[in-house]
Amino acid sequence: MSNRTFTMIKPDAVRAGNIGNILQMINGAGFRIVAMKYLHISKQQAEKFYEVHAARPFYGELTEFMSSGPIVAAILEKDNAVADFRKLIGATNPAQAEEGTIRKKYAASIGENAVHGSDSDENAAIEGNFFFNGLERF
Ligand code: GDP
């Protein structure tokens, strides 16, 4: 069990003005912010980040979407961070997400689903390292 995970507030949620609401839910659920930045990634960077999904039919749509506007990227800390954060964000498809989850509240569709949350400790470390160096973590 690791105590860190990685998240992104995706372009749809940024466009909808929900950065503040989502950060409030994250802090309210007991996560501490270790690192955070607001940035607009290129299509190439999105393709690299989502390389594991390269064979999936939605890869083009996903990387187009993730590079369509600014995002907030962050490393979060809490006991059992990966699993607890996945619970807080809810199912990939907001139609199946539980009440009170971030995706239930703020996501519009399976593709444009407001937030990312790492699915394992290993990926949390890889994804955090993609965006942040050692001097950017507190
Ligand atoms: P997650 O771990 O809940 O984010 O879900 P996955 O790892 O399965 O998928 C990664 C991301 O790809 C999701 O968060 C969605 O943004 C996107 N995605 C997943 N399934 C679909 C789909 O069927 N269509 C589209 N357009 N995007 C999808």
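Below, each value reflects all heavy atoms present in this structure, side chains not excepted, and no hydrogens, waters or symmetry copies. Sequential numbering from 1 along the given sequence is applied to the chain's residues. Everything numeric in this text was worked out from a predicted model, so none of it was measured. Start at 1 and go down the list; that is how both ligands and their atoms are numbered.
- Polar contact with ligand 1: absent for Tyr50 (N/O pair, distance under 3.5 Å).
- Nearest heavy-atom pair, Glu47 versus Tyr59, reported as atom, atom and distance to 0.1 Å: O-OH, 2.8 Å.
- The atoms of ligand 1 that sit less than 4.0 Å from any heavy atom of Lys10 are 13 (C), 14 (O), 15 (C), 16 (O).
- Shown in contact with Asn113 at under 4.0 Å from a heavy atom are these atoms of ligand 1, numbered in order with element: 13 (C), 14 (O), 15 (C), 16 (O).
- At least one heavy atom of Leu62 sits less than 4.0 Å from an atom of ligand 1.
- In terms of protein heavy atoms, atom 9 (O) of ligand 1 is closest to His53 NE2, 3.8 Å.
- Scanning Arg86, Arg56, Arg103 for the heavy atom closest to atom 4 (O) of ligand 1 points to Arg103.
- For ligand 1, the polar-atom distance check finds no N/O of Val115 at less than 3.5 Å from any of the ligand's N/O atoms.
- For atom 15 (C) of ligand 1, the closest heavy atom belonging to the protein is Ile110 O, 3.2 Å.
- Looking only at protein heavy atoms, the nearest one to atom 3 (O) of ligand 1 is Thr92 OG1, 2.5 Å.
- The protein heavy atom nearest to atom 27 (N) of ligand 1 is Gly111 CA, 3.4 Å.
- A distance-only check finds a donor-acceptor pair linking the side chain of Gln45 to the backbone of Ser42 [under 3.5 Å].
- Under the 3.5 Å distance criterion, the side-chain polar atoms of Asn129 are left unmatched by any main-chain donor or acceptor of Asn133.
- When the side chains of ILVMFWY residues are joined at heavy-atom separations under 4.5 Å, either directly or via intervening members, Phe31 and Val72 end up in a single hydrophobic cluster.
- Of the protein's non-hydrogen atoms, Phe58 CD2, 3.6 Å is the one closest to atom 22 (C) of ligand 1.
- Numbered from 1 in the order shown, with element, the atoms of ligand 1 that lie under 4.0 Å from a heavy atom of Glu61 read 26 (N).
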Steps toward side-chain contact (heavy atoms from CB on, under 4.5 Å) verdict (Tyr106, Lys10): CA-CA 11 Å; Tyr106 299 117; Lys10 297 186 179 184; over 6 Å; no
Could you walk me through whether Leu76 and Ile26 pass side-chain contact (heavy atoms from CB on, under 4.5 Å), step by step? CA-CA 9 Å; Leu76 305 174; Ile26 290 171; 3.8 Å; yes
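- Checked against the 6.0 Å centroid criterion, the rings of Phe85 and Phe6 do not qualify as a close aromatic pair.
- No donor-acceptor pair under 3.5 Å is formed between the side chain of Thr101 and the backbone N or O of Ala97.
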